[in-house]
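Notes for the one structure printed next.
Counting starts at 1 for both ligands and their atoms, following the listed order. It should be emphasised that the depicted structure is a prediction, and the values quoted were computed from it without experimental measurement.
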Amino acid sequence: MAILMDGKVLAAEQMAALKKRVDALKAAGRTVGLAVILVGDDPASQVYVRNKGKACEELGILSETLRLPAETTQEELEAEIDRLNRDSRMDGILVQLPLPRHLDEAKALAKIIPEKDVDGFHIENAGKLFTGQPGVVACTPKGILHMLKACGVPMKGKEAVVIGRSNIVGKPVAMLLLNENCTVTICHSRTADLAAHTRRADILVAAVGKPKFVTADMVKPGAAVVDVGINRVDGKVVGDVDFDSVEKVAGYISPVPGGVGKMTICMLMENTVEAAENVLDADGIRTE
Ligand code: NAD
């Protein structure tokens with residue numbers, strides 16, 4: 001039976017540590033703030049935004065959700081981002097994705113100043129990750145790394161296979177695994193003989209968006225299997241990994257729900273706290 005990489009437990013530990021950092025900032029006269037922009041009324045996005053608000057509340061972070069109508073124009077959206085860029089109460093700005101189709105996501109994300117880009121999606125932060133410079137790392141990949149490290153999964157010299165090549169999960173998590181000295185393979189929808197790759201993996205990350213896509217026959221015995229997927233099936237949330245069969249083969253496995261999703265929110269909080277800490281100078285005085 002695999003060891004459970006329990007996002008609930010790991011996130012609770014991390015949140016307790018973050019609370020202390022938020023309290024220390026408050027003692028230095030700084031309230032930490034996170035602004036979330038939600039355009040339209042996508043039901044899944046509403047849930048994510050609500051959960052982010054709850055996490056802020058738990059830590060004593062000021063959270064402001066700006067709800068904009070679905071017909072908001074690019075100019076209006078960017079004007080709001082500009083306003084929040086200048087708002088010194090807000091350390092982090094997050095544009096909840098996906099945006100309605102008429103809006104240009106890449107352009108909107110590029111408007112957020114990189115220091116406040118707590119999602120780590122700005123091209124400057126993505127570029128820093130890919131060139132090995134310190135910057136804001138996207139929350140889900142960062143959470144996956146935190147989970148693997150906290151569970152003591154060996155990474156140096158190991159084979160890591162990532163299924164999925166999105167800019168928000170697949171590519172950045174591959175880069176983080178590479179930085180940990182894994183030998184990394186990125187698989188995707190056009191990969192020939194996917195199972196031949198996954199069966200070599202000591203660490204297998206599934207970020208596909210297809211329910212129970214990874215089955216036991218695709219997993220190397222003893223592998224660490226990270227399930228990133230969030231799929232809604234008959235009103236229930238299920239991952240990309242067929243948990244019941246894979247847990248019998250894997251050495252470590254993360255559940256859905258209660259796995260990577262918990263870590264993602266936690267890392268969003270961490271990025272926000274870090275952004276606030278970064279605007280304090282050595283004497284604990286705000287520098288802007
Ligand atoms: P995406 O749709 O952008 O990317 C999916 C990837 O899967 C693509 O790169 C595609 O090439 C690959 N793929 C599709 N079919 C495949 C196949 N048959 N074989 C191999 N690869 C295949 O999705 P995303 O934004 O990267 O998200 C992936 C999943 O993770 C979704 O379920 C999403 O909801 C979830 N997600 C969870 C969190 C979290 O916090 N837990 C965060 C982000 C995304």
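There is no side-chain donor-acceptor pair under 3.5 Å between Gln96 and Arg67. Inspection of the Thr264 and Thr140 side chains reveals an N or O donor paired with an N or O acceptor under 3.5 Å.
The protein non-hydrogen atom at the shortest distance from atom 17 (C) of ligand 1 is Phe213 CZ, 3.6 Å. The nearest heavy-atom contact from the protein to atom 11 (O) of ligand 1 is Ser189 N, 3.0 Å. Remark: minimum distance from atom 40 (O) of ligand 1 to any protein heavy atom is reached at Thr264 OG1, 2.8 Å. At the shortest separation from atom 1 (P) of ligand 1 among protein heavy atoms lies Ser166 CB, 4.2 Å. Of all protein heavy atoms, the one lying nearest to atom 29 (C) of ligand 1 is Gly209 N, 3.7 Å.
Looking at Thr198, Val169, Ile230, Val226 and measuring to atom 43 (C) of ligand 1, the nearest heavy atom belongs to Val169. Residue Val208 holds the heavy atom nearest to atom 7 (O) of ligand 1 of all those in Ile265, Ile168, Val208. Taking only non-hydrogen atoms, the option from Val214, Val228, Ile186 nearest to atom 41 (N) of ligand 1 is Val228. Ranked by closest heavy atom to atom 20 (C) of ligand 1, the top entry among Arg165, His188, Arg190 is His188.
Under the salt bridge (charged side-chain N to carboxylate O under 4.0 Å, His left out) criterion, Lys107 pairs with Glu78, not counting sequence neighbours.
Looking at every heavy atom in both residues, Cys187 comes nearest to Leu194 through CB-CD1, 3.4 Å. Pairing each heavy atom of Asn125 with each of Pro114, the nearest pair is ND2-O, 3.2 Å.
Listed by first and then second residue, the side chain to side chain donor-acceptor pair (under 3.5 Å) pairs that reach into residues 176-187 are Lys149-Glu180, sequence neighbours excluded.
Although no hydrogens or angles enter the test, the distance criterion places a donor-acceptor pair under 3.5 Å between the side chain of Lys26 and the main chain of Gly60.
With a 4.0 Å heavy-atom cut-off, ligand 1 is reached by the side chain of Thr140 but not by its N, CA, C or O. Residue-level proximity to ligand 1 for Thr191 is absent, since no heavy atom of it falls below 4.0 angstrom. With a heavy-atom cut-off of 4.0 Å, Lys210 touches ligand 1 through its side chain alone.
The contact set between ligand 1 and Asn231, taken as ligand atoms under 4.0 Å from a residue heavy atom, comprises 32 (O). Each of the following atoms of ligand 1 lies closer than 4.0 Å to a heavy atom of Gly261: 40 (O), 41 (N). Set against the non-hydrogen atoms of Ile163, the atoms of ligand 1 under 4.0 Å away are 20 (C), 21 (N).
In terms of hydrophobic clustering, with Ile, Leu, Val, Met, Phe, Trp and Tyr side chains grouped at heavy-atom distances under 4.5 Å, Ile81 and Leu109 are assigned to a common cluster.
Ile123 CD1: 12 or fewer foreign heavy atoms inside a 6.0 Å radius.
The distance criterion of under 3.5 Å between nitrogen or oxygen atoms is not met by Asp240 with respect to ligand 1. The N/O atoms of Tyr48, backbone and side chain alike, include none that comes under 3.5 Å of an N/O atom in ligand 1.
Between Leu66 and Leu38, every side-chain heavy-atom pair lies at or beyond the 4.5 Å cut-off.
Not a single heavy atom of Gly170 sits under 4.0 Å from any atom of ligand 1.
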Dump the intermediate steps for side chain to side chain contact (heavy atoms under 4.5 Å, CB included) on Ile203 and Cys182, then the final yes or no. CA-CA 9 Å; Ile203 298 166; Cys182 292; 4.0 Å; yes

